[in-house]
Amino acid sequence: MKRRGFFTAAAIGAASLSVSPLCAQSAEVTIAEVRALFQSRDLGARRMVQDSLKHEGYYKGAIDGAWGPGTEAAFRALMDSDRYQRHAPTWTFAHEVQVSETMFFLTSDAYM
């Protein structure tokens, strides 16, 4: 009898779950979110990101690890690029991970 109650409860619980699409997307990543993450990282990580942006032609400023107009413009250009647009819409990660993937997008071989 107890076993039957467990299975009934499990079936009711499973029936109440909502199924989301495989490619469910959370809200688009914003520049403000990337800036906040960038500024929360250590100087070495910030410089690495700027260096990657510079290497790919998005950033023209000094590799100083500071968020300024050049870094913001570089991220805007990156996020508008065909390469980013080809990959970002397919992400099914949690939104916080999508923000991180955006910041480190050019340091990953996964998005070539």
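None of these values were measured; they are calculated from a predicted model.
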- Spatial distance of atom CG (L106) from atom CG (L53) [nearest 0.5 Å]: 5.5 Å
- Message: Could you check whether any side-chain N or O of Q50 sits under 3.5 Å from a backbone N or O of A66, counting only pairs where one atom can act as donor and the other as acceptor?
- Response: yes
- Task: Any chance you could measure Y58, atom OH, to S81, atom OG, to the nearest 0.5 Å?
- Result: 3.5 Å
- Message: As an exercise, state the distance from CE of M79 to OH of Y84, rounded to the nearest 0.5 Å.
- Response: 4.5 Å
- Task: Any chance you could measure E96, atom CD, to L37, atom CG, to the nearest 0.5 Å?
- Result: 10.5 Å
- Task: Carefully, step by step, assess H95 and E33 under the rule side-chain contact (heavy atoms from CB on, under 4.5 Å).
- Result: CA-CA 10 Å; H95 187 72; E33 292 169 321; 2.8 Å; yes
- Step-by-step side-chain contact (heavy atoms from CB on, under 4.5 Å) determination, F105 to F75: CA-CA 10 Å; F105 185 79; F75 271 108; over 6 Å; no
- Item | Of all pairs that satisfy salt bridge (Lys or Arg N to Asp or Glu O under 4.0 Å), the ones with a partner from residues 57-76, not counting sequence neighbours | R35-E72, E72-R76
- Stepwise side-chain contact (heavy atoms from CB on, under 4.5 Å) test for D51 and M48: CA-CA 5 Å; D51 188 54; M48 178 187 71; 5.6 Å; no
- Should we say atom CG of D82 is surrounded by more than 12 heavy atoms from elsewhere, each under 6.0 Å from it? no
- Item | Pair E28-Q98, side-chain contact (heavy atoms from CB on, under 4.5 Å): steps then yes or no | CA-CA 9 Å; E28 248 181 63; Q98 291 181 34; over 6 Å; no
- Query: What are the two closest heavy atoms between R41 and S100, and how far apart are they?
  - Reply: NH2-OG, 4.2 Å
- Could you tell me the separation between the CD1 atom of I63 and the NE2 atom of H55, rounded to the nearest 0.5 Å? 11.5 Å
- Message: Could you tell me if E101 and H87 have a donor-acceptor pair between their side chains, going purely by distance under 3.5 Å?
- Response: no
- Message: Would you say that R46 contacts Q39 through its side chain, given a criterion of any heavy-atom pair below 4.5 Å between the two side chains?
- Response: no
- Task: Could you verify whether a donor N or O on one side chain and an acceptor N or O on the other, from S52 and Y59, lie under 3.5 Å apart?
- Result: no
- Task: To the nearest 0.5 angstrom, please state how far the CE atom of M103 sits from the CZ atom of F38.
- Result: 6.5 Å
